[in-house]
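Here the structure comes first, spelled out in structure tokens, and everything after it is commentary.
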2 protein chains.
Amino acid sequence: MLTLRQLRYFDALARLGHFGRAADACAISQPALSMQIRDLEARLGLPLVERRPNGVCLTAAGRDIAERAAGVMAEVRDLTDFAKSRTIPLSGDLSLGVIPSIAPYLLPSLLPLLRQTFPELTLNIHEAQTDTITAELLDGRLDLLLLALPIDTAAIDTLHLFDDPFLLAAPKGHNVPHPARCLPDLLQDEQLLLLEEGHCLRDQALAVCALRNTDRTDTFGASTLATLVQMVANGMGFTLLPEMAVQVEGRSSDIDLVPLADPVPSRSVGLAWRKSSPLAQDFAAFGDVVKKARKKA
Amino acid sequence: MLTLRQLRYFDALARLGHFGRAADACAISQPALSMQIRDLEARLGLPLVERRPNGVCLTAAGRDIAERAAGVMAEVRDLTDFAKSRTIPLSGDLSLGVIPSIAPYLLPSLLPLLRQTFPELTLNIHEAQTDTITAELLDGRLDLLLLALPIDTAAIDTLHLFDDPFLLAAPKGHNVPHPARCLPDLLQDEQLLLLEEGHCLRDQALAVCALRNTDRTDTFGASTLATLVQMVANGMGFTLLPEMAVQVEGRSSDIDLVPLADPVPSRSVGLAWRKSSPLAQDFAAFGDVVKKARKKA
DNA sequence: CCATACGATAAGATTTGCTTATGCTGACAC
DNA sequence: GTGTCAGCATAAGCAAATCTTATCGTATGG
């Protein structure tokens with residue numbers, strides 16, 4: 001098989017027209033270069049240089065081959081340069097999965113901050129429920145997830161970033177104490193409005209209220225928090241909002257946002273990646289930016 | 001230094017997504033491939049593949065590098081294919097030097113024949129006197145000469161192709177016997193017309209007539225045989241014409257072409273090339289075509 | 001004719017790369 | 001849980017490619 005080394009040596013020979021000087025340029029001895037050139041000629045099946053008493057001169061074919069060899073070497077150089085540019089941590093493409101109860105509230109402040117912190121990073125964002133993006137992570141279609149922890153999958157490493165406390169969203173004119181405590185009792189005879197099946201936030205809300213999914217089979221499954229808030233504003237019941245969503249969703253004048261008493265229930269927001277990901281060590285830095293974005297929001 | 005082998009192995013790994021199968025495809029053992037991939041990653045300074053429990057998947061950078069590696073390999077393949085196409089003897093560029101007393105008479109039949117015999121050969125023809133083209137041959141600016149032998153230069157190999165007899169061109173109404181014999185006597189009181197200094201034909205004609213260059217300092221130096229023939233036709237003197245030129249130059253009705261008696265003087269037409277030329281062995285075939293062209297002419 | 005320059009050749013040392021054998025880890029089945 | 005399997009990494013020894021130094025052959029130029 002042809003080797004790059006032979007092309008490099010031949011290129012030097014073609015440029016310098018002299019075995020000895022070419023060998024010097026390649027930092028090898030003259031016989032070593034001679035042998036490699038001879039081998040190259042044997043592999044290609046034709047003479048590339050004409051050995052003359054004073055130096056060498058290329059054959060017609062040799063000139064063409066030298067040009068092509070230079071082309072190959074340029075492309076290899078491009079390849080290594082490209083690789084070097086990619087040695088910057090968090091550069092290039094990164095496919096990020098985000099759950100729907102985080103994406104709309106964190107991304108607006110996160111994305112500009114990421115652009116600024118990792119200018120070489122190109123994000124590819126996919127928004128879907130936990131199960132979906134987890135499967136995609138394991139598939140290799142996603143590299144990193146931003147979601148609510150814990151997720152229980154071996155082969156996935158996670159990093160907790162911050163806790164996102166829940167608030168009770170109640171219709172105006174309710175009689176909930178402030179702060180609210182003992183949710184299970186409070187909601188005994190009230191409707192708890194939830195997202196549709198599959199959203200982790202649904203399960204978290206149920207857990208906070210000490211309910212099982214089956215306890216309230218009648219609960220309507222909204223597809224977005226915005227819808228849930230509309231429903232609360234129209235007196236259809238109560239819901240739990242993550243603090244992160246308050247800025248965007250809690251603006252309605254028809255609802256009251258009631259903080260919850262200690263111990264304030266919250267969800268853990270964090271990152272997840274394949275244990276085998278070679279980028280693992282970079283994700284801490286990514287997480288720091290997410291934390292910063294949250295404070296800004 | 002990066003090696004082509006590493007790119008080849010990595011390409012197989014990228015295509016097959018499996019160290020074992022890639023190793024099979026490369027006809028090496030799995031550890032061998034692992035080591036080369038590891039080395040490649042170390043050189044490039046970044047991970048290219050993510051080792052996962054069931055097979056591997058490329059990193060974002062790995063995908064880009066794989067693409068570039070494929071490009072490099074394609075270019076190398078082009079290079080070797082090109083070289084193979086050049087293994088055909090007498091293909092590609094060939095710079096041929098021809099002397100003026102041969103070029104106009106042989107090339108018209110030679111060139112089509114060469115095109116037909118060596119379709120891959122691209123001729124680059126330079127017409128000049130022996131000294132000039134000999135120097136250019138030694139310079140490497142020419143690869144092959146078609147001229148009159150002998151030429152006396154070490155470092156140059158020659159091949160005699162055929163003898164080209166001389167004829168005496170005389171003005172109509174001369175009193176030269178047929179065939180002409182004993183030229184020195186015949187021309188004792190006549191003008192011998194010659195080409196200008198530098199043409200080998202001038203020296204050959206002088207030799208045939210047993211004259212030294214200085215014996216006839218008054219001889220006019222024509223620059224072409226056509227001019228010489230015109231001068232003969234106008235009664236200005238005699239000249240010697242090589243047989244090869246007769247078809248073209250001897251058509252004038254104002255001259256007589258007198259064959260010379262045995263031993264018929266002639267010039268040797270042949271090829272010359274640098275002893276060091278790697279094409280040396282191909283030139284015999286080239287010579288055969290020249291001989292064929294002469295018969296046709 | 002000798003001295004010099006240049007590339008080829010030869011023999012031995014070194015490095016590179018490969019192979020077989022074995023280790024380690026996560027996935028899957030019972 | 002425990003055993004088995006798949007898949008890649010590691011280790012040790014060996015073979016092949018590559019390099020080095022020393023030397024030769026040949027053409028060149030004084």
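The sequence lines fix the lettering, A, B, ..., with proteins before strands; numbering per chain opens at 1. Remember, predicted model here, so these are calculated numbers, not experimental data.
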Open item on the list: Quick check: on DNA chain D, is the nucleotide nearest B:R5 upstream (toward 5') of the one nearest A:S29, or the reverse? Name the residue that is more 5'.
Closed with: B:R5
Task: Closest-nucleotide 5' rank along DNA chain D - winner of B:P31 and A:M35 - done: B:P31
- [ ] Mind jotting down which residue pairs meet the salt bridge (charged side-chain N to carboxylate O under 4.0 Å, His left out) criterion with at least one end in residues 39-59 of chain B? Sequence neighbours excluded, please.
- [x] A:R274-B:E50, B:D39-B:R43, B:E41-B:R51
- [ ] Decide side chain to side chain contact (heavy atoms under 4.5 Å, CB included) for A:L279 and B:T59; before the verdict, give the C-alpha distance in whole Å, the side-chain angles of both, and the deciding distance to 0.1 Å.
- [x] CA-CA 9 Å; A:L279 302 171; B:T59 63; 6.0 Å; no
Open item on the list: Taking any heavy-atom pair under 4.0 Å as a contact, classify A:A155: base, sugar-phosphate, or nothing.
Closed with: sugar-phosphate
Open item on the list: Check this one for me: any side-chain N or O of A:Y9 less than 4.0 Å away from OP1 or OP2 of D:dC19?
Closed with: yes
Task: Closest to the B:T3 side chain, choosing from C:dC18, D:dC19, C:dG17 - done: C:dG17
Open item on the list: Check the orientation of A:W273 and A:F283. Use parallel for under 30°, tilted for 30 to 60°, and perpendicular for over 60°.
Closed with: tilted
What N/O pairs connect the protein and nucleotides 1-8 of chain D at under 3.5 Å? Give each pair on its own line.
from, atom 1, to, atom 2, distance (Å)
D:dC8, OP1, B:F19, N, 3.4
D:dC8, OP2, B:F19, N, 3.4

- [ ] Determine whether the side chains of A:S34 and A:Q30 contain a donor N or O and an acceptor N or O closer than 3.5 Å.
- [x] yes
- [ ] Could you walk me through whether A:V49 and A:L13 pass the side chain to side chain contact (heavy atoms under 4.5 Å, CB included) test, one step at a time?
- [x] CA-CA 9 Å; A:V49 296; A:L13 180 60; 3.8 Å; yes
Open item on the list: Tell me if the CG atom of A:D152 is crowded by more than 12 foreign heavy atoms within 6.0 Å.
Closed with: no
